[in-house]
Amino acid sequence: MQHQRKPILIPAVALGTLAFLYIPLMAVASFSVNNSRFGLTWHGFTWKWYLELFQNEQILEAVGNTLFLGLVSTVIATVVGTALAIGMSRFPWSKKTSAFFEFNLYMPVITPEIVFAGALVIAFASLRYFSSAFEPGMLNMIIGHVTFQVAFVALVVRSRLAAFNNEIEEASHDLYATNWFTLRKVILPMLTPGIVSGAMLAFTLSLDDFIISFFTAGPTSVTLPLYIYAEVHRGITPKIHALSTVGLLVTIILVIASQKISNSFNEKERDDA
């Protein structure tokens, strides 16, 4: 009996794709601990480039702006996105209205970010005729980030709603619970894994965003992606490699934490069942 040969093309393509994605990241991480300021020659291992990050006031200011922008925009986007997902799923909209909402929900996801950023510039320019608060700066950046974060949060929460057991909600109403009580005690607790996952996704997108931040930032609201972009024009240094590596590690930690939280909620639901 002849043994069936396993195709090697698929695993080869998979390994090649992983190498294409991660080898450049590993190269950046290795350069961040190279004792050579310029060039690709290895001059020994060092942590000094990481230590210099904590002594650079511009970098620390950029970190503060990035975290403030990410946290504030994520909180707003999570509340609005969750409310949007619940409203779209629970209210008896007509087919045309539902299709209209679906179209507008996916638009920020599929629209090229450069087009979205250009539209925000025009919108803020119009708003400045009514108030000077919409000058380029942190407020504009928060609004800009919220506009695309809401869609991602709503999509994640809606996927959770799709697997929602409506019988529990109906039982709550049968027991004369008010809509507000059902929302607080039944719907939101059941949606918590989706809400947390959506919030962490929105926060990660905010940390990594460059284009919308570039079009809406002011002179005192520089974030880490904007700082790295400006420094690259002056020449790539090991300090930039170290900063990029820290940003990569933070993103990996957020993804792992999101997966852990989601798994813990799923295990709790299985135990309760």
Side-chain angles (χ1 to χ4, degrees), residues 17 20-21 24-25 62 65-85 87-88 93 96-159 194 197-233 244 247-248 250-251 254-255 258:
T17 303
F20 178 78
L21 291 174
L25 299 178
N65 289 335
T66 303
L67 293 177
F68 179 81
L69 173 62
L71 290 173
V72 174
S73 62
T74 297
V75 170
I76 298 173
T78 301
V79 173
V80 177
T82 301
L84 176 62
M88 291 179 63
W93 305 101
K96 290 185 177 180
T97 305
S98 297
F100 174 78
F101 281 133
E102 289 280 350
F103 175 79
N104 284 278
L105 181 61
Y106 281 96
M107 279 299 293
V109 178
I110 63 177
T111 302
E113 199 170 4
I114 186 68
V115 176
F116 205 68
L120 286 173
V121 171
I122 297 173
F124 289 133
S126 301
L127 290 172
R128 280 197 291 273
Y129 284 106
F130 303 97
S131 174
S132 60
F134 295 100
E135 292 291 334
M138 186 58 69
L139 176 61
N140 288 10
M141 296 177 76
I142 291 174
I143 296 174
H145 280 220
V146 169
T147 52
F148 72 83
Q149 287 175 309
V150 165
F152 287 95
V153 174
L155 289 173
V156 173
V157 175
R158 285 194 71 195
S159 66
S197 298
M200 299 194 74
L201 174 61
F203 184 68
T204 302
L205 292 172
S206 177
L207 292 182
D208 295 337
D209 179 78
F210 169 76
I211 296 179
I212 290 179
S213 298
F214 181 80
F215 276 75
T216 56
T220 60
S221 55
V222 176
T223 60
L224 279 176
L226 298 180
Y227 175 84
I228 293 175
Y229 175 78
E231 286 296 311
V232 165
H233 283 278
S244 301
L248 174 64
V250 171
T251 303
L254 288 175
V255 172
S258 177

Pair F152-V156, side-chain contact (heavy atoms from CB on, under 4.5 Å): steps then yes or no
CA-CA 6 Å; F152 287 95; V156 173; 5.6 Å; no
Can you check whether G87's main-chain N or O pairs, donor with acceptor, with W93's side chain at less than 3.5 Å?
yes
With rounding to the nearest 0.5 Å, note down the distance linking OG1 in T216 to CD1 in I211.
11.5 Å
All side chain to side chain donor-acceptor pair (under 3.5 Å) counterparts of T251, not counting sequence neighbours
none
Measure the CZ-OG distance between F100 and S98 for me, rounded to the nearest 0.5 Å.
11.5 Å
Contact summary for S213 and M141, nearest pair of heavy atoms
CB-CE, 3.7 Å
What's the verdict on side-chain contact (heavy atoms from CB on, under 4.5 Å) for V153 and L201, showing C-alpha distance, side-chain angles and the deciding distance?
CA-CA 8 Å; V153 174; L201 174 61; over 6 Å; no
Provide the closest heavy-atom pair for Y227 versus V222 in the form atom of the first, atom of the second, distance.
N-CG1, 3.8 Å
Mind checking what makes side chain to side chain donor-acceptor pair (under 3.5 Å) contact with S73, not counting sequence neighbours?
Q149
Distance from I110 atom CD1 to F103 atom CZ, nearest 0.5 Å?
6.5 Å
Closest non-hydrogen atom pair between N65 and T220, with its separation:
ND2-O, 3.6 Å
Spell out, as yes or no, whether a donor-acceptor pair under 3.5 Å connects the side chain of T147 to the backbone of G144.
yes
Counterpart residues, side chain to side chain donor-acceptor pair (under 3.5 Å), relative to E231 (two or more places apart)
R234
Sub-3.5 Å donor-acceptor pair from the side chain of N140 to the main-chain atoms of A217, do we have one?
no
The complete set of salt bridge (Lys or Arg N to Asp or Glu O under 4.0 Å) pairs with one or both residues in residues 200-217, sequence neighbours excluded, reads none
Take the angle between the ring planes of H145 and F148 and call it parallel below 30°, perpendicular above 60°, tilted in between.
tilted
Show your reasoning for whether side-chain contact (heavy atoms from CB on, under 4.5 Å) applies to V80 and V146.
CA-CA 9 Å; V80 177; V146 169; 5.6 Å; no
In short, A151 meets V109 closest at the heavy-atom pair CB-CG2, 3.9 Å
Roughly how far apart are I212 CD1 and I143 CD1, rounded to 0.5 Å?
12.5 Å
Check whether S126 reaches the backbone of I122 with its side chain - one donor and one acceptor, N or O, closer than 3.5 Å.
yes
How long is the span from the CG atom in L207 to the OG1 atom in T74, to the nearest 0.5 Å?
7.5 Å
Where at least one partner belongs to residues 99-122, residue pairs that pass side chain to side chain donor-acceptor pair (under 3.5 Å), sequence neighbours excluded
E102-R158
Looking only at heavy atoms, the pair that brings L139 and A133 closest together is CD2-O, 3.4 Å
What pairs with Y229 under ring-ring contact (aromatic ring centres under 6.0 Å, His included), at least two apart in sequence or on another chain?
F210, F214, H233
Which atom of P108 lies closest to which atom of L105, heavy atoms considered
CD-O, 3.4 Å
